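For reference, the structure is listed below as structure tokens.
Every value quoted in this text rests on a predicted model; they were computed, and no experiment measured them. We name chains A, B, ... by the order of the sequence lines, and we start the count at 1 in each one.
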Amino acid sequence: METFTKKVYEIVRNIPIGKTMSYKEVAIKADNPKAYRAVGNILNKNYNEDIPCHRVIRTDGKTGGYNRGSEIKKIKLIKESKILIKHN
DNA sequence: TAGTTGACCGGAA
DNA sequence: ATTCCGGCCAACT
């Protein structure tokens, strides 16, 4: 709980395995529901190994960008999780 | 300091 | 269903 960016890192880092969160969801958890734009930008410029950005997907259920298009098979795992979000 | 950018979202055509 | 447009925020130049 320091800055919006800091929260985003913590939240994304706290995403459990086998689950995913949309950029907007993360923004909401960061107390800035309207900053979903910034969330994507922050993760993009500050991609840390400790942060599973691949678990963060678009609200539409798409993987988004992750590694600029290098999604890898992890989408397979996400594929299942993204359904949960829609159900949720 | 101000302007541009981007891994976005929602609504409208 | 797909495509286009406007709007919001933080970081970058």
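- Taking every side-chain heavy atom of Thr5(A) into account, dA11(C) is the closest of dG10(B), dC9(C), dA11(C).
- Between the side chain of Tyr66(A) and the base of dA7(B), no donor-acceptor pair under 3.5 Å is found.
- Straight-line distance from the CZ atom of Arg55(A) to the P atom of dA7(B): 22 Å, rounded to whole Å.
- One atom, CZ of Arg37(A), and another, P of dA10(C), lie 13 Å apart when rounded to the nearest Å.
- Residue Ala35(A) is in sugar-phosphate contact alone, with no base atom involved, counting any heavy-atom pair closer than 4.0 Å across all strands shown.
- Across the protein-nucleic acid pair, Lys62(A) atom NZ and dG10(B) atom C1' stand 15 Å apart, rounded to whole Å.
- With respect to Arg13(A) and Glu10(A), a salt bridge is recorded, a charged nitrogen being found less than 4.0 Å from a carboxylate O.
- At whole-Å resolution of the value, CG in Asp60(A) and P in dT3(C) are 13 Å apart.
- For the residue pair Ala27(A) and Val39(A), the shortest heavy atom distance occurs at CB-CG2, 3.8 Å.
- Tyr36(A) places its OH atom 7 Å from the C1' atom of dG7(C), with the value rounded to the nearest Å.
- Within 3.5 Å, no donor on the side chain of Asn41(A) pairs with an acceptor on the base of dA7(B), nor the reverse.
- Checking the phosphate oxygens (OP1, OP2) of dA10(C), no side-chain nitrogen or oxygen of Thr3(A) falls inside 4.0 Å.
- Thr63(A) places no side-chain N or O within donor-acceptor distance of the main-chain N or O of Ile75(A), the cut-off being under 3.5 Å.
- Rounded to whole Å, atom C1' of dA7(B) lies 15 Å from atom CD1 of Ile75(A).
- With dA7(B), dG10(B), dC9(C) as the choices, the nucleotide that has an atom nearest any side-chain atom of Asn44(A) turns out to be dA7(B).
- Residue Lys6(A) contributes atom NZ, which lies 15 Å from atom C1' of dA10(C) at whole-angstrom precision.
- A distance of 8.5 Å separates OG1 of Thr59(A) from CD1 of Ile57(A), quoted to the nearest 0.5 Å.
- In this structure, the NZ atom of Lys34(A) is 16 Å from the P atom of dG7(C), given to the nearest Å.
- In terms of heavy-atom proximity, Ala35(A) sits nearest to Phe4(A) at CB-CZ, 3.3 Å.
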